[in-house]
Amino acid sequence: MLDPLAGAEVRLRTATPGDAEAVTGVFLASRAAVLPYLPRVHGDEDTRAWITHVLLPGSRVWVAEDGEGELLGFAALDGDELDQLYLRPDALRRGIGSRLLDRVKEASRGELSLYTFRRNTAACAFYERHGFVAVSYDDGGRNEEKEPDVLYRWTSAG
């Protein structure tokens, strides 16, 4: 089977309001494929509205796109928190998430925190490979999905 992204150019850029539809598509597709156990607490339209009116204007967001301008993933930085990092399911394990995370680290003040679901072992392993350390665990009471999560921290000092 041919890899549609093999050798493809990947470009990172700052997200614009016009990216809301594509960012929403990546977010929904990624969660459905990678986190199928999560309850859907918001419909597609509510998710699109949140991305359009809250995430994009309220965070620093970068997108990764291929040479044709197709959105492959995005990352959002809100203060010192990596608030979102999602990739299209067919864009996983190609270094795109690492490039987005590196961009967020470069834009940070030398420290980041993030939450991820504990059952998302691939994400936990990804962040640990990139120098994040688990600092606390929660029973799910702090998130809308009521899914146990873990707080990770990273500092440029190591």
Contacts of Y137 that satisfy side-chain contact (heavy atoms from CB on, under 4.5 Å) - sequence neighbours left out:
R118, A134, V150
N/O donor-acceptor pair under 3.5 Å between R99 side chain and G97 backbone
no
Would you mind listing every salt bridge (Lys or Arg N to Asp or Glu O under 4.0 Å) that reaches into residues 126-142, with sequence neighbours excluded?
R142-D149
Remaining members of the apolar cluster that contains Y115, side-chain heavy atoms under 4.5 Å:
V135, L151
Side chain to side chain, L101 and L82, heavy atoms closer than 4.5 Å:
yes
Looking at residues at least two apart in the chain, or sitting in another chain, which of them share a side chain to side chain donor-acceptor pair (under 3.5 Å) with R153?
none
side-chain contact (heavy atoms from CB on, under 4.5 Å) filter on P89, not counting sequence neighbours, yields A29, A33
Who are the side-chain contact (heavy atoms from CB on, under 4.5 Å) partners of V61, not counting sequence neighbours?
A15, L55, L56, S59, F74, A76
D102 side chain to E106 backbone, donor-acceptor under 3.5 Å:
no
Is there a side-chain contact between L72 and L87 (heavy atoms, below 4.5 Å)?
no
Partners meeting salt bridge (Lys or Arg N to Asp or Glu O under 4.0 Å) with D78 (sequence neighbours left out)
none
Could you give the distance from CZ (R94) to CZ (R88), rounded to the nearest 0.5 Å?
9.0 Å
S108 side chain to K105 main-chain N or O, any donor-acceptor pair under 3.5 Å?
yes
Full working for side chain to side chain contact (heavy atoms under 4.5 Å, CB included) between Y37 and N120
CA-CA 10 Å; Y37 50 83; N120 190 351; 3.7 Å; yes
Once rounded to the nearest 0.5 Å, what's the spacing between atom CD1 of I96 and atom CG of D66?
8.5 Å
Full working for side chain to side chain contact (heavy atoms under 4.5 Å, CB included) between H130 and S98
CA-CA 8 Å; H130 287 276; S98 295; 3.0 Å; yes
Gap between atom CD of E9 and atom CD of E68 - 0.5 Å precision
9.0 Å
Could you tell me how the ring of Y127 sits relative to the ring of F132: parallel (under 30°), tilted (30 to 60°) or perpendicular (over 60°)?
perpendicular
Of all residues at least two apart in sequence or in a different chain, which pass the ring pair (Phe, Tyr, Trp, His ring centres under 6.0 Å) check with H53?
none
By side-chain contact (heavy atoms from CB on, under 4.5 Å), which residues pair with R60, not counting sequence neighbours?
W62, L77, A107
S113 side, atom OG; W154 side, atom CH2 - distance, nearest 0.5 Å
11.5 Å
Are the side chains of F27 and Q84 in contact, using a 4.5 Å heavy-atom criterion?
yes
What residue pairs, at least two apart or across chains, pass salt bridge (Lys or Arg N to Asp or Glu O under 4.0 Å) with a residue in residues 18-34?
R13-D19, E21-R48, R31-E145
In Å, rounded to the nearest 0.5 Å, how long is the span from CG of D83 to CG of L112?
11.5 Å
Dump the intermediate steps for side chain to side chain contact (heavy atoms under 4.5 Å, CB included) on L38 and E147, then the final yes or no.
CA-CA 8 Å; L38 284 183; E147 179 71 24; 3.9 Å; yes
Heavy-atom distance under 4.5 Å between the side chains of L28 and D44, does that happen here?
yes
Scan T47, L71, T52 and name whichever one has a side chain to side chain contact (heavy atoms under 4.5 Å, CB included) with V23.
L71
Among all residues two or more places apart in sequence or in another chain, which pass the side chain to side chain donor-acceptor pair (under 3.5 Å) test with S136?
none
The test is side chain to side chain contact (heavy atoms under 4.5 Å, CB included); show your working for Y86 and V34 and say whether it passes.
CA-CA 10 Å; Y86 285 94; V34 178; over 6 Å; no
What is the distance from atom CZ of R119 to atom OG1 of T121, rounded to the nearest 0.5 Å?
10.5 Å
Run the ring pair (Phe, Tyr, Trp, His ring centres under 6.0 Å) test against F117 and tell me which residues pass, sequence neighbours left out.
none
Which heavy atom in T116 sits nearest to a heavy atom in C124, and how many Å separate them?
CG2-SG, 3.8 Å
